[in-house]
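Down below is the structure, laid out as structure tokens.
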Amino acid sequence: MVQLIVGEKGKGKTKFLLDKVNNEVKDAHGSIVYLDKSPKHMYELNNKIRLIVVPDYMIDSSDAFLGFVSGIVSQDHDLEQMYFDSFLKIANLEGQNITGVVAKLDEMSEKFGVDFVLSVSRNESELDDSLKSKIIVSI
């Protein structure tokens with residue numbers, strides 16, 4: 001399953017995402033990974049959550065990002081959930097349509113049983129209609 005947290009930049013999506021992941025880790029039976037653009041939120045995350053700072057890995061396209069995510073999924077068979085803060089930035093999708101990448105994440109989720117939660121700096125009205133059913137919070 002892919003879930004979206006949407007809203008303009010600076011409206012509180014990251015705080016919501018951090019609260020959600022820290023609550024989810026309490027009941028998790030497997031691994032949880034949090035992808036971010038910087039280590040800034042490292043101390044706000046429960047220490048059972050693995051933080052990965054995506055720019056450290058020189059990801060330069062949305063295809064490279066999907067390959068990176070696939071690699072993480074492939075190496076951890078206990079992976080339950082992945083959280084993507086600043087999704088547009090870390091996936092190199094700023095100013096682009098995100099529908100195709102979200103569809104690929106949906107396929108990965110179905111095939112490998114990993115849930116994805118994405119923080120997207122766009123208003124609900126800017127998203128394709130096919131993505132609106134995935135929105136869990138619009139801030």
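- Here the closest non-hydrogen pair linking Leu93 and Asn97 is CD2-O, 4.1 Å.
- Residues Lys20 and Gln3 form a side-chain contact, since some pair of their non-hydrogen atoms from C-beta on lies under 4.5 Å apart.
- A distance of 11.0 Å separates CZ of Arg122 from CG of Leu4, quoted to the nearest 0.5 Å.
- A continuous path of hydrophobic side-chain contacts links Leu88 to Val102 [ILVMFWY only; heavy atoms under 4.5 Å].
- For residues 30-40, the set of pairs meeting the side chain to side chain donor-acceptor pair (under 3.5 Å) definition, not counting sequence neighbours, comprises Ser31-Asp76, Tyr34-Asp85.
- Annotation: salt bridge (charged side-chain N to carboxylate O under 4.0 Å, His left out) contacts involving residues 108-120, sequence neighbours excluded, are absent.
- Both Val120 and Met82 belong to a common hydrophobic cluster when Ile, Leu, Val, Met, Phe, Trp and Tyr are linked at side-chain heavy-atom distances under 4.5 angstrom.
- No single ILVMFWY cluster, assembled from side-chain heavy atoms under 4.5 Å apart, contains both Tyr43 and Val33.
- Transitive grouping of hydrophobic side chains (ILVMFWY, heavy atoms separated by less than 4.5 Å) brings Ile98 and Leu35 into a common cluster.
- Checked against side chain to side chain contact (heavy atoms under 4.5 Å, CB included), Ala28 has the following partners two or more places apart in sequence or in another chain: Ile32, Glu80.
- Atom OG of Ser86 sits about 8.0 Å away from atom NZ of Lys13, to the nearest 0.5 Å.
- Between His77 and Phe112 there is no side-chain heavy-atom pair separated by less than 4.5 Å.
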Output a table of donor-acceptor pairs, distance under 3.5 Å, between side-chain atoms of residues 127-139 and any protein atom two or more places apart or on a different chain; print 'none' if there are none.
from   : atom 1 : to     : atom 2 : distance (Å)
Asp128 : OD2    : Ser130 : N      : 3.1
Asp128 : OD2    : Ser130 : OG     : 2.6
Asp129 : OD1    : Lys132 : NZ     : 3.3
Lys134 : NZ     : Asp106 : OD2    : 2.5

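- Looking only at side-chain heavy atoms (C-beta outward), Leu105 and Phe84 come within less than 4.5 Å of each other.
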Which side-chain N or O atoms in residues 45-73 pair as donor and acceptor under 3.5 Å with protein atoms at least two apart or in another chain?
from  : atom 1 : to    : atom 2 : distance (Å)
Asn46 : OD1    : Lys48 : N      : 2.7
Ser61 : OG     : Ala64 : N      : 3.0
Ser70 : OG     : Leu66 : O      : 3.0

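- Counting heavy atoms from C-beta on, the side chains of Leu118 and Ile5 never come closer than 4.5 Å.
- Each of Val6 and Val117 belongs to its own hydrophobic cluster when Ile, Leu, Val, Met, Phe, Trp and Tyr are linked at side-chain heavy-atom distances under 4.5 angstrom.
- Looking at Ser119 and Phe87, their side chains never come closer than 4.5 Å, going by heavy atoms from C-beta outward.
- For the side chain to side chain donor-acceptor pair (under 3.5 Å) test, no residue two or more places apart in sequence or in another chain qualifies with Lys9.
- Judged by distance alone, with hydrogens and angles left aside, the side-chain atoms of Ser109 form a donor-acceptor pair with the main-chain N or O of Val114 at under 3.5 Å.
- With a 4.5 Å cut-off on side-chain heavy atoms, Glu8 and Asn123 count as touching.
- One finds the CG atom of Leu18 at 6.0 Å from the NE2 atom of His41 (value rounded to the nearest 0.5 Å).
- Using a 4.5 Å cut-off on side-chain heavy atoms (C-beta onward), Met108 and Phe116 make contact.
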